[in-house]
Protein chains: 2
Amino acid sequence: MEDHALKYDPEESGSKICEVLQILKTKWAFLVLDELLKGPQRFNQLQRNASVIKTQSLTDTLRHLERMGLVNREVFPTVPVTVKYSLTEKGADFQLALKEMERWVDKWGGRNPASAE
Amino acid sequence: MEDHALKYDPEESGSKICEVLQILKTKWAFLVLDELLKGPQRFNQLQRNASVIKTQSLTDTLRHLERMGLVNREVFPTVPVTVKYSLTEKGADFQLALKEMERWVDKWGGRNPASAE
DNA sequence: CGGTATCCCGAGAGATACTG
DNA sequence: CAGTATCTCTCGGGATACCG
């Protein structure tokens, strides 16, 4: 399994942004983190709230974020197993970046600014 | 040509983050924007400074960002053509998000915090 | 409920060569 | 210099089925 996707070295490329991208790995990470900011959630909740993400991608993303230390996974051995996902301090701290991006998209919309079209 | 990749509707998915991801489209966008924050650059400069991005991907990304209104492209009909890429107001405004991510990666590093490994 | 296991496809991205 | 044109290939990710 291992870490795999290190096609380039962040240090070498000279950009911290690269490092961020590698930690998050896929775009879904942004979405999952954003979703978990609303509070801890169980797997199915996440799936419903972020329904654009498919089961497999969601698991992958969660596992990855867990390994990167952004997400906590707690298992409760109840009758049907219950699993709670929550943000770690590291994960929660990413919220400022997310909020900034939301502010940005809020301000600039999806398209060109002066495009009357 | 058109807009193509709208596999899901941002509104429907309920997340502005999705919208951001669609505007940027690929991870390279982050890197290119970050690079252009240092000032306007010509194609080859960008390629050298962000050498992890290959020619084709760089063009794609630049064209995309241009269409999304984040980047300006100016052509100077000098002897060998000169092309200058710079950020638009919209593009430059994304810098806060980038800086936030850099602060974050700076603080939390690439790995788990308490991971003694 | 909370996943894992597969199969499959398309797009992102690498490498190389060529052009106005 | 600043790209475009291909070709290939990997991998993210969709769909579906099954398991503890």
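Lettering of chains follows the sequences in order, A, B, ..., and the numbering in each one begins at 1.
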Between [N] and [X], is there an OP1 or OP2 to side-chain N/O distance shorter than 4.0 Å?
{"X": "A:R73", "N": "C:dG2", "value": "no"}
{"X": "B:S57", "N": "C:dG14", "value": "yes"}
{"X": "A:W28", "N": "D:dG13", "value": "yes"}
{"X": "B:R42", "N": "D:dA2", "value": "yes"}
{"X": "A:T26", "N": "D:dG13", "value": "yes"}
{"X": "A:K54", "N": "D:dG13", "value": "no"}

Could you tell me how far apart [X] ([atom1]) and [N] ([atom2]) are, to the nearest whole angstrom?
{"X": "B:R48", "N": "D:dG3", "atom1": "CZ", "atom2": "P", "result": "14 Å"}
{"X": "A:E74", "N": "C:dC1", "atom1": "CD", "atom2": "P", "result": "19 Å"}
{"X": "A:E66", "N": "C:dG3", "atom1": "CD", "atom2": "C1'", "result": "13 Å"}
{"X": "A:L21", "N": "D:dG12", "atom1": "CG", "atom2": "P", "result": "13 Å"}
{"X": "B:K27", "N": "C:dA13", "atom1": "NZ", "atom2": "P", "result": "5 Å"}
{"X": "A:L24", "N": "D:dG13", "atom1": "CG", "atom2": "P", "result": "12 Å"}
{"X": "A:Q45", "N": "C:dG3", "atom1": "CD", "atom2": "C1'", "result": "16 Å"}
{"X": "A:L58", "N": "D:dA15", "atom1": "CG", "atom2": "C1'", "result": "15 Å"}

For [X], which contact category applies under a 4.0 Å heavy-atom criterion: base, sugar-phosphate, or nothing?
{"X": "A:T82", "result": "sugar-phosphate"}
{"X": "A:Y85", "result": "sugar-phosphate"}
{"X": "B:Q47", "result": "nothing"}

Short N-O contact, B:R103 and A:D93, less than 4.0 angstrom
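Here B:R103 pairs with A:D93 in a salt bridge, since their nearest N and O are under 4.0 Å apart.
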| task | Look at B:K99 together with B:E102 and state whether they make a salt bridge at an N to O cut-off of under 4.0 Å. | result |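 A salt bridge links B:K99 with B:E102.
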Could you work out which one of [options] sits closest to the side chain of [X]?
{"X": "A:R63", "options": "C:dG3, D:dC1, D:dG12", "answer": "C:dG3"}
{"X": "A:F43", "options": "D:dA2, C:dG12, C:dG3", "answer": "C:dG3"}
{"X": "B:N44", "options": "D:dG13, D:dA2, C:dG3", "answer": "D:dA2"}

Q | Side-chain donor-acceptor pair present, A:Q41, A:N49, cut-off under 3.5 Å | A |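 Their side chains do contain a donor-acceptor pair, which is all the 3.5 Å distance test asks for.
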Tell me whether B:V32 shares a hydrophobic cluster with B:L37, the cluster being built from Ile, Leu, Val, Met, Phe, Trp, Tyr side chains joined at under 4.5 Å.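 B:V32 and B:L37: one cluster.
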**OP:** Determine whether any donor atom in the side chain of B:Q56 lies under 3.5 Å from an acceptor atom in the base of C:dA15, or the reverse, and answer yes or no.
**Re:**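 Answer is no: no donor-acceptor pair is held.
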**Request:** On DNA chain D, check which nucleotide each of B:D60 and A:T55 is closest to and give me the residue with the more 5' one.
**Result:**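 On the 5' side of the pair lies B:D60.
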Would you check, one step at a time, whether the test salt bridge (charged side-chain N to carboxylate O under 4.0 Å, His left out) holds for A:E19 with A:K16?
CA-CA 5 Å; A:E19 209 172 330; A:K16 293 173 185 172; over 6 Å; no
Exercise for review: Work out which heavy atom in A:L98 is nearest to a heavy atom in B:I17; give both atom names and the distance.
Suggested key: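 The pair with the smallest heavy-atom distance is CD2-CD1, 3.6 Å.
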